[in-house]
Amino acid sequence: MCMKLRVAFWRTFTTFLIATILLMAAFFFMFFETFVGKEWTWVQPTIIAVVVVSSIAFFIPTYLNNYYIVQKKYLIQHKGRREYIYYFSEVLYIDEKQSEKKKVICFFTNKGHVRYLTFDKEGKIYKAMIAGAKNRMSTEEFKENYPKIKL
């Protein structure tokens, strides 16, 4: 059982779209006098084109290098040049309500770490995590064992 799953395209695209709009707003305020002037020259469209082209240039490798590999005993999250391995045996609790609602898996490990993983398009990563994590606790058990952690 080895599956390679990509992060949902529209989630990544939406994130980059918001970042591009914020970057354009920052450039607008940095070059306020240039954009408010009555006559536009080659400078204004060049600034806009540089922001859009650079956003596209960063989006493509980011999307292509963000994926998950589901193995029998663990899940590998590949983010850029880094790989994070999450063993199913280390998963103590999965917040199923929040995960299904937000389409982001929220889980706690036996080391006390909280991890968030974005769903793939079909939600297969969530199903694999639920099926693979055999040591999961119920909400009540988790609250009882870890009262300081807020769910």
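Worth knowing before you read on, the calculation uses all heavy atoms, side chains too, and leaves out hydrogens, waters and symmetry mates.
Using a 4.5 Å cut-off on side-chain heavy atoms (C-beta onward), R6 and K121 make no contact. Here the side chains of K103 and R11 are in contact, with some heavy-atom distance below 4.5 Å. With contacts defined as side-chain heavy-atom distances shorter than 4.5 Å, the pair I48/M24 qualifies. The side-chain heavy atoms of F59 and T12, taken from C-beta on, include a pair separated by under 4.5 Å. Inter-residue side-chain proximity for L75 and L117 is flagged as met; some heavy-atom pair is nearer than 4.5 Å. With contacts defined as side-chain heavy-atom distances shorter than 4.5 Å, the pair V70/C2 does not qualify. Under the 4.5 Å side-chain criterion, counting only non-hydrogen atoms from C-beta, H78 is not in contact with N66. Within the 4.5 Å cutoff, the side chain of I47 has heavy atoms near those of the F35 side chain.
A donor-acceptor pair under 3.5 Å is absent between the side-chain atoms of T118 and the main chain of V7, judged by distance alone. Side-chain atoms of Y63 do not come within 3.5 Å of backbone N or O of F58 as any donor-acceptor pair. A distance-only check finds no donor-acceptor pair linking the side chain of H113 to the backbone of F108 [under 3.5 Å]. Checking side-chain atoms of Q71 against main-chain N and O of I76 turns up no donor-acceptor pair under 3.5 Å. Between the side chain of D120 and the main chain of I125, a donor-acceptor pair closer than 3.5 Å is present.
Note on ring orientation: taking the six-membered ring where Trp is involved, the planes of W10 and F13 are perpendicular (angle over 60°, cut-offs 30° and 60°).
Cluster membership check: V36 shares its hydrophobic cluster with W40, using side-chain heavy-atom separations under 4.5 Å among Ile, Leu, Val, Met, Phe, Trp and Tyr.
Between Y146 and F142, the ring centre distance stays below 6.0 Å. Aromatic ring centroids of F107 and Y86 lie under 6.0 Å apart.
Side-chain contact, Y126 with E100: a donor N or O sits under 3.5 Å from an acceptor N or O. Side chain to side chain, T109 and Y87 fail the donor-acceptor criterion of an N or O pair below 3.5 Å.
Judged as a side chain to side chain donor-acceptor pair (under 3.5 Å), and not counting sequence neighbours, the contacts of S55 are T20.
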Stepwise side-chain hydrogen bond (donor to acceptor under 3.5 Å, both in side chains) check, Y93 with T139 | CA-CA 8 Å; Y93 178 74; T139 306; 3.1 Å; yes
Could you walk me through whether V91 and M129 pass the side chain to side chain contact (heavy atoms under 4.5 Å, CB included) test, one step at a time?
-> CA-CA 9 Å; V91 175; M129 184 69 85; 4.0 Å; yes
Going through the distances and angles, do T62 and F16 end up as a side chain to side chain contact (heavy atoms under 4.5 Å, CB included)?
-> CA-CA 10 Å; T62 298; F16 265 84; 3.6 Å; yes
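Contact between C106 and S99 at its shortest, heavy atoms only, is N-OG, 3.1 Å.
Each salt bridge (Lys or Arg N to Asp or Glu O under 4.0 Å) pair with one or both residues in residues 124-144, not counting sequence neighbours, appears once here: E96-R136.
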